[in-house]
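A short write-up of the structure that comes next.
Only a predicted model underlies this, so the values are computations on that prediction, with no experimental measurement involved. So you know, we letter chains A, B, ... as the sequences are listed, proteins then strands, and number each from 1. Atoms considered below: every heavy atom in the structure, side chains included; atoms not considered: hydrogens, waters and symmetry mates.
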Protein chains: 2
Amino acid sequence: MVHDAPMPQRPLKPILPPSPSGCPMDSLLRLIMGQWTCYILWVLCSQGPQRFGTLKRNIPGLSAKVLTERLRLLEDARILYREHVPSIPPQVTYGLTDRGKELLTAMDELFKIAKRWQDEDAEESVADYDRYNG
Amino acid sequence: MVHDAPMPQRPLKPILPPSPSGCPMDSLLRLIMGQWTCYILWVLCSQGPQRFGTLKRNIPGLSAKVLTERLRLLEDARILYREHVPSIPPQVTYGLTDRGKELLTAMDELFKIAKRWQDEDAEESVADYDRYNG
DNA sequence: AAAACCAGTTACTTTGAAGTGCCTACTTTT
DNA sequence: AAAAGTAGGCACTTCAAAGTAACTGGTTTT
């Protein structure tokens with residue numbers, strides 16, 4: 001077993017539960033597809049592990065309810081770890097596991113593509129504008 | 001202009017419309033996130049360009065309504081092209097553009113990861129079972 | 001004394017996406 | 001004569017996901 005995260009303090013659900021279609025890609029997409037999910041991963045990747053409240057403040061508009069849901073799902077999938085110190089007040093830190101880092105690496109390729117397309121489309125819009133306005 | 005697809009026969013909407021957050025990744029994810037979308041792309045990638053009816057038959061459970069929606073979105077994003085021959089009966093063929101092929105290449109990395117994780121998790125389940133049953 | 005912080009949970013409401021069924025207009029097949 | 005195929009369009013319903021608000025309990029701050 002690879003120790004890239006502290007031992008979980010709650011029983012984790014089955015990992016990447018198989019989708020109706022049985023396709024592993026489908027399972028993964030169902031997971032990262034959820035609203036806010038990619039943003040959460042992005043913040044944890046670029047700003048490092050952080051506590052619940054910090055994470056919530058870093059993502060304006062995200063409610064505690066949805067944040068909790070997402071964190072649970074990602075923890076179940078072993079993409080995030082959860083480190084809970086039962087002090088008063090309690091202290092809970094979330095961070096990317098090795099899997100999480102690997103996932104972000106693969107998603108970075110998608111990000112590069114998305115950015116390049118956006119730039120290309122912006123140029124095309126300018127060309128359209130110039131063509132229209134002589 | 002790169003000619004990897006026939007001229008569109010209907011006005012296309014703005015390409016990858018900017019998301020509320022303005023993040024290009026968010027725009028791309030909103031697009032490929034929709035149910036069935038990845039499956040449609042996968043079928044067009046592995047089986048080549050095909051007509052509406054064929055595509056629908058190749059994806060059991062997918063309704064014409066949703067298929068049409070997806071195809072329109074993907075066409076707007078220049079990921080698919082649409083070739084319409086106004087014969088009787090009409091003949092409409094869909095296929096991946098260069099962008100579509102590029103996207104599928106990047107998504108293949110995600111697919112490999114998803115598959116490997118699923119295999120790893122299956123092994124872990126077996127290990128759990130053996131540990132429990134001695 | 002009251003408010004804020006911590007990490008959530010619970011109940012209720014809203015809304016947007018997906019599903020379902022029926023329609024087109026013309027041709028070919030049975 | 002009737003059914004099926006072609007590529008969808010349109011209206012209606014349903015349901016799960018997201019949003020909203022209130023609450024926890026002990027501690028620190030104002």
Could you check how far CG of B/Leu31 sits from P of C/dA17, rounded to whole Å? 13 Å
In this structure, how many angstroms lie between the P atom of C/dC26 and the CD atom of B/Gln91, rounded? 19 Å
Between atom CD in A/Glu75 and atom P in C/dA7, what is the gap in whole Å? 15 Å
Can you find a side-chain donor-acceptor pair between A/Arg70 and A/Thr37 that sits under 3.5 Å? yes
Cationic N near anionic O, under 4.0 Å, A/Lys115 to A/Glu120: no
According to a strict under-4.0 Å criterion, is A/Arg72 in side-chain N/O contact with OP1 or OP2 of C/dG8? yes
Side chains of B/Thr93 and B/Arg51: is there a donor and an acceptor less than 3.5 Å apart? no
Can you give one letter per nucleotide of nucleotides 16-30 of chain D, going 5' to 3': B for a protein heavy atom under 4.0 Å from the base, S for sugar-phosphate only, - for none? --BBB------S---
Whole-Å gap separating P (C/dG8) and NZ (A/Lys56): 13 Å
Which label fits B/Phe111 and B/Trp42: parallel for a plane angle under 30°, tilted from 30 to 60°, or perpendicular past 60°? parallel
To the nearest angstrom, how far is A/Leu71 atom CG from C/dG8 atom P? 8 Å
For B/Lys112, is there an ion pair with B/Glu109 - N to carboxylate O distance below 4.0 angstrom? yes
Can you tell me which residue among A/Val43, A/Thr54, A/Val66 is in a side chain to side chain contact (heavy atoms under 4.5 Å, CB included) with A/Ile59? A/Val43
Between C/dG8 (P) and A/Leu67 (CG): distance, integer Å: 8 Å
Taking only side-chain N and O atoms of B/Arg30, does any of them lie within less than 4.0 angstrom of OP1 or OP2 on C/dG16? no
If you check every side-chain atom of B/Arg51, which of D/dG8, D/dA7, C/dA7 has the closest atom? D/dA7
Between CD of A/Gln50 and C1' of C/dC6 the distance, given in whole Å, is 15 Å
